Student: 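Please read through the structure below; I'll follow up with questions.
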Amino acid sequence: MGQPPRTFSFSLKNDIAELQTLGRQIESIGRALDLSKRCLFEINLALDELFTNIISYGFTDGGEHRIELNLSAADEVLTVTIADDGVAFNPTERPAPALPDTVDDCRVGGLGIYLIQNLMDEVHYRREDKKNILTLKKKLERIRPPCRGGPS
Amino acid sequence: MDIAEEKHPGAHTFKLRGRLDSNTSLAFEQRLFEAITSGAKHVIIDFKELDYISSAGLRVILKATKALKREEGKILLCAMQDYVKEVFEIAGFDAFLPIVPTLDEALRAV
């Protein structure tokens, strides 16, 4: 077992402008964990697609809601939980879209969730206390310091 | 996101900088369709300084690709970061969208 887990928590309002906050939060967590650009991008993209989906379809009352995010890095795996109090929706039950051969049969519905499933190593859903709770796991890819004494 | 538009002989280029997501995709869609409506047939999108794309960005590019096909024009994408290219590959868009390494190659290909 390695270092104790490092955890980060924040919440976002159900407002599309909060995507900027999400991007900034993920960037600062990425710096704290020394994540590679690719790894940072993939985590940001998965959370963007999920957040956009939640705020587009999850709330029907027109009111303000908070989406809670918790990220925890331990043993080179990042575990993210995202909780919202919107209508029940299990993204892991969505069938994967058929991949297109031509532009004419290309559809974008369901693409966001398909991206999440491809970019993350694990995706789990549960409904608890009238909340959707999604847990994502992703193996971390860090920026390695240059090898000492090795060829440059 | 910044969008820089240039007209080259035979092609209309869009250089994107920053993030193409649900917040910025509508502005890009409007610029693209203004160009298509005013007669651009060959469109090149330069991704060199684009750090981020989500499915909202893919959606705009797909819509423009379909519109240009109806006009018998075409769209070319160039200079993507490897992780941006990966998103196009996962989505299967690389099956019908030409993605070339540099803007020069894209300009030669139109």
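Hydrogens, waters and symmetry mates play no part in the numbers below; they use all other heavy atoms, side chains included. Sequence lines set the chain letters: A, B, ... in the order given, protein chains first and strands last, and positions in each chain run from 1. What you are looking at is a predicted structure, and each value in this text was computed from that prediction instead of being measured.
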Student: Chain B: which of A/L19, A/L115, A/D101 shares the most heavy-atom pairs with it under 4.5 Å?
Tutor: A/L19
Student: Under the side chain to side chain contact (heavy atoms under 4.5 Å, CB included) rule, what do B/L16 and B/E49 come out as? Steps first, then yes or no, please.
Tutor: CA-CA 6 Å; B/L16 307 182; B/E49 293 183 71; over 6 Å; no
Student: Would you say that more than 12 heavy atoms from the other residues, nucleotides or ligands in this model lie under 6.0 Å from the CG of A/D121, or not?
Tutor: yes
Student: With a 4.5 angstrom heavy-atom cut-off, which part of A/Q20 approaches chain B: side chain, backbone, both or neither?
Tutor: both
Student: Are the side chains of A/Q117 and A/R94 in touch, meaning some heavy atoms are under 4.5 Å apart?
Tutor: no
Student: So for A/T52, is it side chain, backbone, both, or neither that comes closer than 4.5 Å to the heavy atoms of chain B?
Tutor: side chain
Student: Taking the six-membered ring of B/F33 (Phe, Tyr or Trp), confirm whether the NZ or CZ of B/K63 is under 6.0 Å from its centre and within 45° of its axis.
Tutor: yes
Student: With chain B as the partner, which of A/N118, A/L119, A/D104, A/D48 has the greatest number of non-hydrogen pairs under 4.5 Å?
Tutor: A/D48
Student: Assess whether a salt bridge exists between A/K13 and A/E64, defined as any Lys/Arg side-chain N lying under 4.0 Å from an Asp/Glu carboxylate O.
Tutor: no
Student: Does A/R38 make a cation-pi contact with B/Y83 (under 6.0 Å, within 45 degrees of the axis)?
Tutor: no
Student: Going by residue number, which parts of residues 68-79 of chain B are within reach of chain A, meaning a heavy-atom gap below 4.5 Å?
Tutor: B/K69
Student: Between A/K138 and A/E122 (salt bridge meaning N to carboxylate O under 4.0 Å), is one present in this structure?
Tutor: no
Student: Compute whether any side-chain donor of one residue and acceptor of the other, for A/S9 and A/E68, lie under 3.5 angstrom apart.
Tutor: no
